[in-house]
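A short write-up of the structure that comes next.
In what follows, chains are A, B, ... by sequence order, proteins preceding strands, each numbered from 1.
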Protein chains: 2
Amino acid sequence: MESEELSTEEKILKAAMEVFLRDGYDGSRMQDIADVAGINKALLHYYFRSKDKLFEKVFDFKIQSFFPQVDAAFDQEGLFIDKITFFIEAYIHFLRKNPFLPLFVLNTVNNKEKANFIKKIPIGIAHKIIPRYYADLKEGKVRPLDPVQFIMTVMGMCVFPFLAKPIFVSMLKIEDHNFDMIMEARINELKAYVKLILTP
Amino acid sequence: MESEELSTEEKILKAAMEVFLRDGYDGSRMQDIADVAGINKALLHYYFRSKDKLFEKVFDFKIQSFFPQVDAAFDQEGLFIDKITFFIEAYIHFLRKNPFLPLFVLNTVNNKEKANFIKKIPIGIAHKIIPRYYADLKEGKVRPLDPVQFIMTVMGMCVFPFLAKPIFVSMLKIEDHNFDMIMEARINELKAYVKLILTP
DNA sequence: TAATGGTTTAATCATTTGGTTAAACTTGAT
DNA sequence: ATCAAGTTTAACCAAATGATTAAACCATTA
């Protein structure tokens, strides 16, 4: 079970991701990360200098594991609605594999001391998808609405159940694997919603 | 500006709400809370014994400031869609006044050490609104769908912009008061969405 | 084999932090 | 005025925690 082939630096990063995502920045302890990595605590500082620097590396890595996928979804040709439905599927699949990432990112961008981390989040995506909406609108292929509000809505629809998972699991008296099934079923449910909203 | 008329206990609770909601449990310092309250740190322990106990009081208070409103929205007579639109308006107005509450609650319920706090969240609401959906469905007044998925969706649509506010403010290059206006406009936008989704 | 440079470790440090304590202060009743 | 009870304060404590250091270890190379 030991990841013997990883370098010390990789072991640290892997452990830091696990601990930071689970416990948050303030709730994480360097000793915990060292324990999870199975190495001496001093090595964390040897390779990453400080807790802050290590956290930033984790944040960078996680952001870059996510946004290229979103970019891919929006880059491809097709109607606005097709980009959105593609996004929903890709996003929910990503979230099923990375259920703690949303809370991690939201805590970071809402942390006053880490406000500058916001600029690490690529925002080019919005500028790519919104023109596509107006192009379709001009051709009457989509219902008139505020695309910014709509994008907020789609993101919220996808992310929120993962953020509030403990509440829903308790509320619905279900097990983890049930939740997973509900999220898989959610993909088509959300596709139906956006179709109803967007179809003129 | 000093709240001279408040009792010491009330000053502490008020300060604790401000600090815990802004910095989170792990990020908050008892000394910070004392400073905000303008009192000696030992008084925090005199009145609330420990950081844990004080936090629990804050959580209880905040939960009870929110859920009665939701209950009220769902309690009144009317069609499923009317309850939902009423909820959207009440919820967004509440969030505009309590923008940090969602992240606070989500962090708490996702914190392993505070997992038992979940039971403090009233869940009777769901059991009240879902039968109403099926009643309307039987009369053909609402489109067939999974009401659980739909409720998740409505909550996500409302909450997510507040959770991700720093990202959107940066992305859209807007000021705080602009965000507020967008949230006010969002009420009708969301009402339109749910009408499109629910109307058969 | 001996020297060199990078890596790992145990021990240690300084600071922060939640919590305690004993004394001082305030207030209301007698 | 005096006493008693509750309230407030400054000083202090012990544990935790991020960070440093000096020595030990290991592998490569001359």
Side-chain angles (χ1 to χ4, degrees), chain A residues 1-61 104 107-108 111-114 116-117, chain B residues 2-61 104 107-108 111-117:
Chain A
M1 212 54 202
E2 276 295 325
S3 45
E4 206 58 70
E5 54 218 282
L6 292 180
S7 72
T8 302
E9 197 171 335
E10 289 168 325
K11 278 193 238 174
I12 294 173
L13 240 154
K14 195 181 163 200
M17 289 190 223
E18 180 182 328
V19 174
F20 277 137
L21 262 80
R22 189 190 58 211
D23 298 336
Y25 179 80
D26 289 318
S28 296
R29 302 287 161 251
M30 293 298 263
Q31 187 62 61
D32 278 354
I33 296 172
D35 290 346
V36 170
I39 50 133
N40 189 286
K41 179 173 72 110
L43 288 178
L44 304 187
H45 295 96
Y46 180 78
Y47 283 98
F48 295 92
R49 294 197 58 91
S50 70
K51 189 184 179 184
D52 273 333
K53 294 262 188 5
L54 177 55
F55 180 83
E56 191 162 357
K57 277 282 191 303
V58 169
F59 187 85
D60 290 349
F61 188 95
F104 173 79
N107 274 319
T108 305
N111 184 332
K112 217 176 175 182
E113 292 172 10
K114 304 209 164 22
N116 54 313
F117 279 43
Chain B
E2 276 295 323
S3 43
E4 207 58 67
E5 56 216 282
L6 293 180
S7 72
T8 302
E9 198 171 335
E10 289 168 326
K11 279 195 237 174
I12 293 172
L13 242 159
K14 196 180 162 200
M17 289 190 221
E18 180 183 328
V19 175
F20 277 138
L21 261 79
R22 189 190 58 211
D23 299 336
Y25 179 80
D26 290 317
S28 296
R29 302 286 159 253
M30 294 297 265
Q31 187 61 59
D32 278 354
I33 296 172
D35 290 347
V36 169
I39 52 140
N40 188 285
K41 178 174 72 111
L43 288 178
L44 304 187
H45 294 97
Y46 180 78
Y47 284 98
F48 296 91
R49 296 197 59 90
S50 70
K51 188 183 181 185
D52 273 331
K53 293 262 186 11
L54 177 55
F55 180 83
E56 192 162 356
K57 278 281 190 302
V58 169
F59 188 84
D60 290 348
F61 187 95
F104 173 79
N107 274 318
T108 305
N111 185 334
K112 216 175 174 183
E113 291 172 9
K114 305 209 164 24
N116 54 314
F117 279 44

Query raised in the report: With B:Tyr47, which residues qualify under side-chain hydrogen bond (donor to acceptor under 3.5 Å, both in side chains), at least two apart?
Result: none
Report task. Establish, for the pair A:Lys51 and A:Tyr25, whether the NZ or CZ atom is under 6.0 angstrom from the six-membered ring centre and no further than 45 degrees off its axis. Result -> yes
Query raised in the report: How close or far is atom C1' of D:dT21 from atom NE2 of A:His45, stated in whole angstroms?
Result: 13 Å
Query raised in the report: For B:Thr8 and D:dT7, is the shortest distance between a side-chain N/O and OP1 or OP2 below 4.0 Å?
Result: no
Report task. Using a strict 4.0 Å threshold on nitrogen-to-oxygen distance, state whether B:Glu18 and B:Lys14 make a salt bridge. Result -> no
Query - Boundaries of the chain A footprint along DNA chain C (any atom under 4.0 Å from a heavy atom) - result: C:dG6 to C:dA10
Requested in this report: Taking the side chain as every heavy atom from C-beta outward, state whether A:Glu10 and A:Leu13 have any atom pair closer than 4.5 Å.
Outcome: no
Report task. Establish, yes or no, whether the cationic atom of B:Lys114 lies under 6.0 Å from the six-membered ring centre of B:Phe59 and within 45° of the ring axis. Result -> no
Report task. Could you tell me how the ring of A:Phe20 sits relative to the ring of A:Phe55: parallel (under 30°), tilted (30 to 60°) or perpendicular (over 60°)? Result -> perpendicular
Query raised in the report: Going by heavy atoms in the side chains, are A:Glu9 and A:Phe48 under 4.5 Å from each other?
Result: yes
Query - N/O (side chain, A:Tyr46) to phosphate O (OP1/OP2, D:dA19) under 4.0 Å - result: no
All N/O donor-acceptor pairs, side-chain side in residues 31-45 of chain B, below 3.5 Å, sequence neighbours left out:
{"from": "B:Gln31", "atom 1": "NE2", "to": "B:Asp35", "atom 2": "OD1", "distance (Å)": "3.0"}
{"from": "B:Asn40", "atom 1": "OD1", "to": "B:Ala42", "atom 2": "N", "distance (Å)": "2.8"}

Query - Angle between terminal axes - the helix from C:dT1-D:dA30 to C:dT30-D:dA1, 5 pairs each end, rounded to 10° - result: 10°
Query raised in the report: What integer distance in Å separates A:Lys53:NZ from D:dA19:C1'?
Result: 13 Å
Using nucleotides 9-12 of chain D, report all nitrogen or oxygen pairs with the protein that are shorter than 3.5 Å.
{"from": "D:dT9", "atom 1": "OP2", "to": "B:Asn40", "atom 2": "N", "distance (Å)": "3.2"}
{"from": "D:dA10", "atom 1": "OP2", "to": "B:Asn40", "atom 2": "ND2", "distance (Å)": "3.4"}
{"from": "D:dA10", "atom 1": "N7", "to": "B:Asn40", "atom 2": "ND2", "distance (Å)": "3.4"}

Requested in this report: Mind listing the closest non-hydrogen atom pair of B:Val58 and B:Ala16 along with its distance?
Outcome: CG2-CB, 3.7 Å
Query raised in the report: What's the CG-P distance between A:Leu44 and D:dT17, to the nearest Å?
Result: 14 Å
Query - For atom CG of A:Asp23 and atom P of D:dG18, their distance in whole Å - result: 12 Å
Report task. List in chain and number order the residues that pass salt bridge (charged side-chain N to carboxylate O under 4.0 Å, His left out) with B:Asp26, two or more places apart in sequence or in another chain; answer none if no residue qualifies. Result -> none
Query raised in the report: Atom CG of A:Leu54 and atom P of D:dT17: how far apart are they, to the nearest Å?
Result: 16 Å
Report task. Calculate the interatomic distance between A:Phe48 atom CZ and D:dG18 atom C1'; express it in whole Å. Result -> 16 Å
Query raised in the report: Between B:Lys51 (NZ) and D:dA16 (P), how many Å, whole number?
Result: 15 Å
